[in-house]
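First the structure, in the form of structure tokens, and then the observations on it.
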Amino acid sequence: MRIVFMGTPDFSVPCLRALIESKHEVVGVICQPDKPVGRKQILTPPPVKTEALSHDLRVLQPATLRNGAGRAILEELQPDLVIVVAYGKILPPDFLSYPKYGCVNVHASLLPRYRGASPIHWAILNGDSETGVTTMQMDEGMDTGDILLVKKVPIGPDDTAEELFETLSHVGAAAMLETIEAVEAGALHPVRQDNSKAVNVGLLTKQLGEIDWSKPAQQIHNQIRGLFSWPGAYTYWNGTVLKIHKARLSTQSCSKAPGTVVQTKGGLLVACGDGRCVELLEVQLAGKKRLDAMAFLNGSGLAKDMIFESPKQ
RNA sequence: CGCGGAGUAGAGCAAUCCGGUAGCUCGUCGGGCUCAUAACCCGGAGGUUGUAGGUUCAAAUCCUAUCUCCGCAA
């Protein structure tokens, strides 16, 4: 089959790779334009572009697909099918309807739960024990298309968004290949999404990382691992920001005020709102390097009974 | 030229303003103690202070250049 691949970030790369290695012909790759990135604001190509170019594929980076611009590209490339994996923009109707088999999207959640921008993170933030990948026949809505195939993945109690991201990107590639096979064989059984169970999630913001220690320990732990490694959870100490990269739930309980450092030897424990504790494993002070908790304690001056500030107090 | 912080023993920090033999916590090695510990006691090793120049009797410290790392913003 002649396939056009659309995607932009790291998540899309395993799918593109799988497509390249398959028997199908990748006739074009569409991704977002290069963007300035990092401290120096260097114009950087998205990961998908880099991967595509290393295989001598044709790469297109249109600023918009609207007003017939997207359709014109398809008319030139003549794909039978378009695969979309975290492309980053809404596809207009005249684009969706052009390919013989339409457009198929690979989405990193169990739809209709977590339609939108950051499904992986939200699954952890909400403390779900299961997520997965859904492929769907795209329609005009945001992740509202009919479901083609679902692959479930369990979420471990300490899994981080980063780890889950990696896992799902590969599960996504497998789901994609299976879906294409089914498209070819005409063996699809599209299932309509139950809109009453839909959950929409938006882009992540830094603000989400601010820890409110009066919340239950489990919830704080979910926040820390769900936002790792970006944008990351943080608290305030000594007038500056302390990022918390990794933590785990402690079995210890205590009655100290939320945010209090209750133990510094043999583990850095902080009291939470429900009387349970979170053990900080990896932290980073503003302007400093990322450190494991023990190294941080050696030189920081952080001591027992000091308090991490919660917002709005 | 977006704003800012930092490079000192294996790790994290102090000493830098006001130049004068580099100190602390941890780890490590040796010994001791304990039913026991990420526990305690005693002792030791480990540094051309990121790099290159300059000023000075003397530079981690002052001046100039350069490399690297990081927080914010985007």
Side-chain angles (χ1 to χ4, degrees), chain A residues 8-12 31-50 61 63-64 86-89 116-118 121 158 160-162 165 201-213 217 220-221 223-254 256 259-271 276-312:
Chain A
T8 301
D10 288 317
F11 184 80
S12 321
C31 63
Q32 300 284 333
D34 296 3
K35 277 185 190 163
V37 134
R39 229 184 311 276
K40 297 278 158 83
Q41 293 291 289
I42 298 165
L43 204 60
T44 309
V48 161
K49 179 183 181 182
T50 307
Q61 297 173 281
T64 180
Y87 173 62
K89 276 201 172 84
S118 322
H121 303 84
D158 291 315
T160 65
E162 188 175 69
F165 202 88
V201 293
L203 284 169
L204 299 175
T205 63
K206 283 255 176 199
Q207 186 72 20
L208 286 171
E210 195 169 72
I211 293 176
D212 178 354
W213 294 102
I220 290 172
H221 182 229
Q223 183 180 10
I224 292 166
R225 64 200 185 98
L227 297 177
F228 182 82
S229 57
W230 193 91
Y234 60 93
T235 186
Y236 298 97
W237 177 66
N238 231 355
T240 55
V241 173
L242 181 71
K243 278 196 172 185
I244 299 174
H245 291 290
K246 294 202 172 169
R248 66 176 166 221
L249 273 183
S250 168
T251 50
Q252 282 197 40
S253 57
C254 83
K256 296 277 179 74
T260 306
V261 175
V262 293
Q263 184 186 315
T264 54
K265 288 200 173 181
L268 175 51
L269 299 187
V270 183
R276 301 191 62 191
C277 292
V278 165
E279 180 182 355
L280 308 189
L281 300 174
E282 232 178 82
V283 300
Q284 179 172 25
L285 213 49
K288 297 289 194 174
K289 277 190 214 158
R290 205 165 132 179
L291 298 174
D292 63 75
M294 286 305 140
F296 173 70
L297 286 168
N298 276 335
S300 68
L302 180 69
K304 207 173 157 181
D305 290 333
M306 284 186 173
I307 295 181
F308 291 130
E309 296 152 41
S310 289
K312 296 168 196 165

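Order of the sequence lines fixes the chain letters, A, B, ..., with proteins taken first and strands second; residue numbering starts at 1 for each chain.
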Could you check whether D158(A) pairs with K246(A) (Lys NZ or Arg NE/NH1/NH2 to Asp/Glu carboxylate O, under 4.0 Å)?
no
L268(A) atom CG is separated from C26(B) atom C1', nearest whole Å, by 15 Å
Quick check on side chain to side chain donor-acceptor pair (under 3.5 Å): which of Q61(A), K49(A), K89(A) does Q32(A) satisfy it with?
K89(A)
Rounded distance (Å) that lies between atom P of G7(B) and atom CG of L291(A):
13 Å
Measure from CG on L302(A) to P on C26(B) and round the result to the nearest Å.
15 Å
Using atom C1' of each nucleotide, how far apart are C24(B) and C18(B) to the nearest Å?
23 Å
When the P atoms of G27(B) and A74(B) are compared, how many Å lie between them, rounded to an integer?
42 Å
Exercise: identify the closest heavy-atom pair between P45(A) and D34(A):
CA-OD1, 3.3 Å
In whole Å, measure the gap between the P atoms of G32(B) and A15(B) for me.
39 Å
From OH of Y234(A) across to P of G71(B) the rounded distance in Å is 14 Å
With the side chain counted from C-beta on, respond yes when Y236(A) and L242(A) share a heavy-atom pair under 4.5 Å apart, and no when they do not.
no
Considering only the P atoms, how many Å lie between A38(B) and G44(B), rounded to the nearest integer?
27 Å
Whole-angstrom distance between C63(B) and U55(B), as gauged at atom C1':
7 Å
Any K288(A) side-chain nitrogen or oxygen under 4.0 Å from OP1 or OP2 of C69(B)
no
If you measure from the P atom in U51(B) to the same atom in C41(B), how many Å do you get, rounded?
36 Å
Comparing E279(A) and D292(A) on RNA chain B - which has the more 5′ nearest nucleotide
D292(A)
State the pairing partner of C72(B); accept Watson-Crick or G-U wobble contacts with both distances under 3.5 Å, and report none otherwise.
G2(B)
Interatomic distance where NZ belongs to K243(A) and P belongs to C69(B) [whole Å]:
16 Å
Using atom C1' in both nucleotides, what's the gap between U8(B) and G4(B) to the nearest angstrom?
22 Å
Who is the Watson-Crick or G-U wobble partner of U25(B), with both distances under 3.5 Å?
A11(B)
Work out how far the P atom of U56(B) is from that of A9(B), and round it to whole angstrom.
30 Å
Would V278(A) and I244(A) satisfy side-chain contact (heavy atoms from CB on, under 4.5 Å), going step by step from the backbone distance to the final call?
CA-CA 11 Å; V278(A) 165; I244(A) 299 174; over 6 Å; no
Pick out which of E162(A), Q284(A), E282(A) makes a side chain to side chain donor-acceptor pair (under 3.5 Å) with H245(A).
Q284(A)
Would you mind pulling out the nucleotide paired to A52(B), Watson-Crick or G-U wobble, both distances under 3.5 Å?
U64(B)
Would you indicate, yes or no, if C26(B) has its OP1 or OP2 atom less than 4.0 angstrom from a side-chain nitrogen or oxygen of K265(A)?
no
Distance in angstrom units between H245(A) NE2 and G71(B) P, rounded:
7 Å
Between C1' on A9(B) and CG on N298(A), what's the gap in Å once rounded to a whole number?
14 Å
Among C69(B), C40(B), A38(B), which nucleotide sits nearest the side chain of K289(A)?
C69(B)
Which part of the nucleic acid, if any, lies within contact of K206(A), taking any heavy atom under 4.0 Å across all strands shown: a base, the sugar-phosphate backbone alone, or nothing?
sugar-phosphate
Y236(A) has an atom OH; how far is it from atom P of C72(B), in whole Å?
11 Å
Quick one: look up who C33(B) pairs with, Watson-Crick or G-U, both distances under 3.5 Å, and put none if it's unpaired.
none
